[in-house]
Number of protein chains: 2
Amino acid sequence: MTVDTDPVQSDRNRDALTAAHLYYMQDLTMDAIAQELHTSRSSVSRLLSHARATGLVDIQIKSPLDAPSHLEQQIEARFQITAHVVPVPDSASDVDRLERVALSVARILGRYFDSNMTMGIAWGSTMNAISRHVTPKQTHNSQIVQLNGAGNMRTTGLGYASEILGRFGTAFGAHVQQFPVPAFFDNPATKQALWRERSISRLIDMQAIMDIALFGLGSPFSGVISRVYAGGYLEQAEFDELSAARVVGDVATVFYRADGSADGIALNERSTGPDFTVLRRTPRRICVVAGHSKLASLRGALAAQLITDLFVDESTARALIETA
Amino acid sequence: MTVDTDPVQSDRNRDALTAAHLYYMQDLTMDAIAQELHTSRSSVSRLLSHARATGLVDIQIKSPLDAPSHLEQQIEARFQITAHVVPVPDSASDVDRLERVALSVARILGRYFDSNMTMGIAWGSTMNAISRHVTPKQTHNSQIVQLNGAGNMRTTGLGYASEILGRFGTAFGAHVQQFPVPAFFDNPATKQALWRERSISRLIDMQAIMDIALFGLGSPFSGVISRVYAGGYLEQAEFDELSAARVVGDVATVFYRADGSADGIALNERSTGPDFTVLRRTPRRICVVAGHSKLASLRGALAAQLITDLFVDESTARALIETA
DNA sequence: GGACTCCTTGCACGTATGTTCATTCCGGTT
DNA sequence: AACCGGAATGAACATACGTGCAAGGAGTCC
């Protein structure tokens, strides 16, 4: 993270701040601002971009009473959660969907996360997309904790996951706590043993007291195969095992069925993600879903009560309501 | 006030809301939004304007720790108030200054005023400028109270003052309480009598419990003559009286000297503005000042402890610090 | 000291946006 | 049914804005 003590940065920020004032509060044109700041219009344009990108300027969209769209209201009523439906045209591709939902989440995240908080972060394509857009916000004494290991037979997974974690960390000026374990152990006993190690148990303890959990959903048995299933984390036998157990999805590599149950799914004993009973104690559990392929998975996660705040694209939201 | 039950308005708002999402949260171009909403790009432009104008989109500027500009810090330290310095180029004219400070205040006012609150409002050119730009915000059970009468020998003053009051009222969906009395009575006894009338005392009572007071400053003895002094409210004899009493300014037609004292100023006995002892009980007292001509007046108001939140243009702020 | 990189700046261009104007659409009236 | 404002619309125009690019400057390494 970059601490803001660089004098040139501070200058830049001061200018960005006045520029933002003049532009957003006083409706001056960039040209006019350029004159006041004795620079060129392009520089002002860049200053303002900088101001927005660094969260110096915060653009909120109010829901003035009526705004919870019809869909959001329905979802909230049916599932007792807070819903954010992201408008996306039906024609959009699944990657578009993900990208646009992720962007919305990234922009709003600073509203939830603050100083002295701990946020648990999963990994996967959804989290990756979000991480690439998080709007920075300075916080103090805050922590980003990795929810589940990312290693597999081929790599330690540190690169991919830590890249994601790192982006959140720098954006919020938070300490990043990596979780250097594989996604799944071969042997449950290894997990038990490791969990008793102080270096690891410290992390588990942090997960237990985190204020926010942020995660996408895995959906093993649908069109788009999520990273967990394509990245060499699971072998065919394990895949078959999930299928036999009628698993519909996972949160941080912990699996569940359509009715939300997770008992008796052997793979969970070897998984490094937080147990659902632990996860459910987290006050705010933000789930990000894009695309119909995750619909079954989403239903399961809702049934399992894993979600308190849902971000979902419009058409998936509609599908969720209509076929429920 | 317009209650938002008109179906066509609600449609418009819904569209404006999605447009705002797409534009500000997802960075789509207006063209793209037009396609999604099945309308023209111009309409989207208009929708977005509408969204901003109605406060549907709220643009905030964060002060990430260091941002209280040097000036603001100095003012806050010296006078124990919250200061908002509005950047305005030194070359700007006094009307420019006022306009730009007023715009900034108007934009930020919704941050202070909320449901179930009562706000006292003065009148004058400063308040007029602000009123023309207030960003709407729906509130419930809130009140706008006129602080001082606006009548004079020639008119009841209801037109001018109520225009200002009305704009605040509609912007916040608040009840407006007019104060149908002259700015100054001819005879103090009339004031005493009237103050005992229930219709009037109700208003006085509301002033006593208001949460916010919003006012500009009058400056009788400086270049620009404020509305109170030009509008036929005072006669030459009264003007001389003020001069003799070494008055430097007024808040809602109640006068004070450079040291903040107001005792023994005869005119105050006939003024309809709130007594300073009453005013000082208001938790938040927002004062808006633009232009050097009000400097002496500002000093006096600060000495009198009439201000908790100050909005001032940069160059006046600088003058305030430098010559204090 | 010079050659190098890295960063910042202003210009110029193409694109995105605000606004005017003629037109259409809608609700109410005759 | 015809007529009439008034509001909303899209086309066209005029600005305002974002960005690639080349030039300049500051720092660093040889």
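Lettering of chains follows the sequences in order, A, B, ..., and the numbering in each one begins at 1.
- Here the side chains of Lys294(A) and Thr316(A) are not in contact, with every heavy-atom distance at 4.5 Å or above.
- Residues of residues 27-34 of chain A having a heavy atom closer than 4.0 Å to DNA chain D, listed by number: Thr29(A), Met30(A).
- Looking at Leu56(B) and Leu17(B), their side chains come closer than 4.5 Å, going by heavy atoms from C-beta outward.
- Judged as a ring-ring contact (aromatic ring centres under 6.0 Å, His included), and not counting sequence neighbours, the contacts of Phe172(B) are Phe113(B).
- By the 4.0 Å N-to-carboxylate-O rule, Arg318(B) lies too far from Glu72(B) to be salt-bridged with it.
- Within a heavy-atom distance below 4.0 Å of DNA chain C, the residues of residues 35-46 of chain B found are Arg41(B), Ser42(B), Ser45(B), Arg46(B).
- Note on Lys137(B) versus Asp58(B): no salt bridge recorded, every NZ/NE/NH1/NH2 to OD/OE distance being 4.0 Å or above.
- A sub-4.0 Å separation between OP1 or OP2 of dT17(C) and a side-chain N or O of Tyr23(B) is present.
- The separation between His50(B) atom NE2 and dA8(D) atom C1' is 13 Å, rounded to whole Å.
- Scanning for salt bridge (charged side-chain N to carboxylate O under 4.0 Å, His left out) contacts around Arg97(A) gives Asp94(A), Asp313(A), with sequence neighbours left out.
- Protein atom CG of Leu22(A) is 13 Å distant from nucleotide atom P of dC17(D), rounded to whole Å.
- Legend: residues meeting side-chain contact (heavy atoms from CB on, under 4.5 Å) with Asp31(A), ordered by chain and number and at least two apart, are Thr29(A), Arg41(A).
- Taking the side-chain contact (heavy atoms from CB on, under 4.5 Å) definition, one finds that Glu99(B) meets it with Ala129(B), Arg132(B), His133(B), sequence neighbours left out.
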